[in-house]
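To start, the structure itself, in structure tokens.
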Amino acid sequence: MSRLIKAIRGFRDIPAEEAYILRHVEDRTREHFELFGYREIRLPIVEATELFARGIGESTDIVEKEMYTFQDRNGASITLRPEGTASAVRAYLEGGWKAQGGIAKIFYTGPMFRYERPQKGRYRQFYQIGLEAIGGEGPLVDAEVLDLLYRLFVRLGVEDVRILVNSLGCVECRPSYRDALTGFLGKVAGALCSNCVRRIQSNPLRVLDCKVPSCREALRGAPAVLDYLCKACDAHFTRVRQTLKELEVPFEVDHGIVRGLDYYNRTAFEAVCERLGAQNAVAAGGRYDGLAREIGGDTPGIGFAIGLERLALIIERGGLRLPVPHFFVAAATGSARVPAQALADRIRGMGLIVETDLEDRSLKAQLRSADRAGATRVIILGDEELGSGQLQVKDFSTGEQRAVDSKVFLAALEKETMPPVKGAVP
Ligand code: ATP
Ligand code: MG
């Protein structure tokens, strides 16, 4: 036998139980986004590297060290998408969606790829569902996006997520804040981690986001961006907060929230849940009015992305479990094998999950595997039943077994599983 081939480090297989929960979370989130008029689009998984290397700004974590970049057969540099926002804005510009007028309200879901150090809650391939409102610049857009995010957690039964918001200012007011922050960081540089020391020049705002405890400590007296907002940014942020209050959306202003990417401006936010441990952000987003200009257009936008694995960890799972077969159809004799499969097909036609034996096993072995599969009822078919038009139905929960007329049984089952007729009076 040859050596067992394994998955690449940081990439993992998602077993059925977890895939089922991820699907549930994704489906509920989709439905929720659609209630606000957002529509799903599909985006490519690979893009030209320059979309991220230019679009994201040269000095972000993603560009510096996290991108999966390859050369294709023609020598072109391509990158597995590390996030969806740049692609969404590219699609908006390339597709001329501006012509449709108004705000483009879109969302997408799928795998993202980042060359990060794998650890709990952090993978090299992970799943996001992202939402973008492209084309609107007013504070009401920001407030609706945050309202939508908050109500998603409510809908999923998550009560302990906190929404943290901040304003990053704009091209007018950020430079003076950046100067003040760089000055402060220079003074405390000795207490910062090596990543942060490097970021003092390249990306000082990102230092505020460092999770290293000694950095957090050193940053205590750091100047707050909110004290440097220009009049327009201040008015925008005030209106966002006021609207959220009126909509009864709980939030906290946290001037440590930054996006680290130069094109982000004004409203920035994160949703955090302490149950997630060190990687506590379940969603992050913000306004990116400068992004389109970096990729050949000009249009404001705001959006966020949710980490689906992390969301799946914190939702109220209730009775959420992989579906089990409604029936197992067992064949007691060789001649009943194919009729058992035909019967299974008939019941599957009613939308029920049915399994059969495909390995010519004894009746006893079939009953065992039915039980193991979690089937609640077994139908047993043998020569006698085939002759008399009957079925043996065994209920695992009560242990009871009885003979029933096949036609009567199927008719009753059909009635049970029939979808209600639309408009019928109950
Ligand atoms: P972090 O500070 O945790 O690195 P980020 O700022 O890189 O997060 P975003 O790019 O804003 O995160 O992505 C949004 C969400 O995607 C995060 O809040 C998180 O839930 C999820 N996420 C990001 N990177 C990973 C990863 N490597 N593995 C799993 N989930 C991730
Ligand atoms: Mg990251």
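Atom set for the values below is all heavy atoms of this structure, side chains included, hydrogens, waters and symmetry mates excluded. In each ligand, atom 1 is the first atom listed, and ligand 1 is the first ligand listed.
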For ligand 1, which is the ligand I care about here, please tell me if [X] has any N or O atom under 3.5 Å from one of the ligand's N or O atoms.
{"X": "Tyr123", "value": "yes"}
{"X": "Gln128", "value": "yes"}
{"X": "Val282", "value": "yes"}
{"X": "Ala281", "value": "yes"}

If you take the nearest heavy atom of each of [options], which one is closest to [atom]?
{"atom": "atom 22 (N) of ligand 1", "options": "Phe126, Phe304, Phe113", "answer": "Phe126"}
{"atom": "atom 9 (P) of ligand 1", "options": "Arg310, Arg122, Arg114, Glu270", "answer": "Arg114"}
{"atom": "atom 11 (O) of ligand 1", "options": "Gln119, Arg259, Lys120, Glu66", "answer": "Arg259"}

Are any of the side-chain heavy atoms of [X] and [Y] separated by less than 4.5 Å?
{"X": "Ile129", "Y": "Leu311", "answer": "no"}
{"X": "Phe328", "Y": "Ile379", "answer": "no"}
{"X": "Leu149", "Y": "Ile306", "answer": "yes"}
{"X": "Glu309", "Y": "Arg12", "answer": "yes"}

Is ligand 1 under 4.0 Å from a heavy atom in the side chain of [X], in the backbone, in both, or in neither?
{"X": "Arg206", "value": "side chain"}
{"X": "Glu83", "value": "neither"}
{"X": "Pro82", "value": "neither"}

Out of all atoms in ligand 1, which are within 4.0 Å of some heavy atom of [X]? Include the element for each.
{"X": "Ala305", "value": "14 (C), 15 (C)"}
{"X": "Lys211", "value": "2 (O)"}
{"X": "Gly121", "value": "28 (N), 29 (C), 30 (N)"}
{"X": "Ala283", "value": "18 (O)"}
{"X": "Gly307", "value": "15 (C), 16 (O), 20 (O), 21 (C)"}
{"X": "Glu116", "value": "24 (N), 25 (C), 26 (C), 27 (N)"}
{"X": "Ala284", "value": "11 (O)"}

SB check Arg266 Glu137 (cutoff 4.0 Å):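 No, no charged N to carboxylate O under 4.0 Å.
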Is the closest basic N to carboxylate O distance between Asp234 and Lys231 below 4.0 Å?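 Not counted as a salt bridge, because no side-chain N and carboxylate O are separated by less than 4.0 Å.
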Indicate yes or no for a side-chain donor-acceptor contact from Arg317 to the backbone of Ala312 under 3.5 Å, with no hydrogens or angles considered.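 Checking the backbone N and O of Ala312 against the side chain of Arg317, a donor-acceptor pair under 3.5 Å is found.
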Whether Glu83 side chain and Thr85 backbone form a donor-acceptor pair below 3.5 Å: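 Checking the backbone N and O of Thr85 against the side chain of Glu83, a donor-acceptor pair under 3.5 Å is found.
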Centroid separation Tyr68 to Phe11 less than 6.0 Å: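 Yes.
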Would you mind writing out the side-chain donor-acceptor pairs for residues 273-280 within the sub-3.5 Å range, not counting sequence neighbours?
{"unit_1": "Glu274", "atom_1": "OE2", "unit_2": "Arg162", "atom_2": "NH2", "d": "2.9"}
{"unit_1": "Arg275", "atom_1": "NE", "unit_2": "Asp160", "atom_2": "OD2", "d": "2.6"}
{"unit_1": "Arg275", "atom_1": "NH1", "unit_2": "Ile314", "atom_2": "O", "d": "3.4"}
{"unit_1": "Arg275", "atom_1": "NH2", "unit_2": "Asp160", "atom_2": "OD1", "d": "2.7"}
{"unit_1": "Arg275", "atom_1": "NH2", "unit_2": "Asp160", "atom_2": "OD2", "d": "3.4"}
{"unit_1": "Arg275", "atom_1": "NH2", "unit_2": "Ile314", "atom_2": "O", "d": "3.2"}
{"unit_1": "Gln279", "atom_1": "OE1", "unit_2": "Arg122", "atom_2": "NE", "d": "3.3"}
{"unit_1": "Gln279", "atom_1": "OE1", "unit_2": "Arg122", "atom_2": "NH2", "d": "2.6"}
{"unit_1": "Gln279", "atom_1": "NE2", "unit_2": "Gln119", "atom_2": "OE1", "d": "3.0"}

NZ or CZ of Arg124 within 45° of Tyr115 ring axis and under 6.0 Å: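 Yes, a cation-pi geometry holds between Arg124 and Tyr115.
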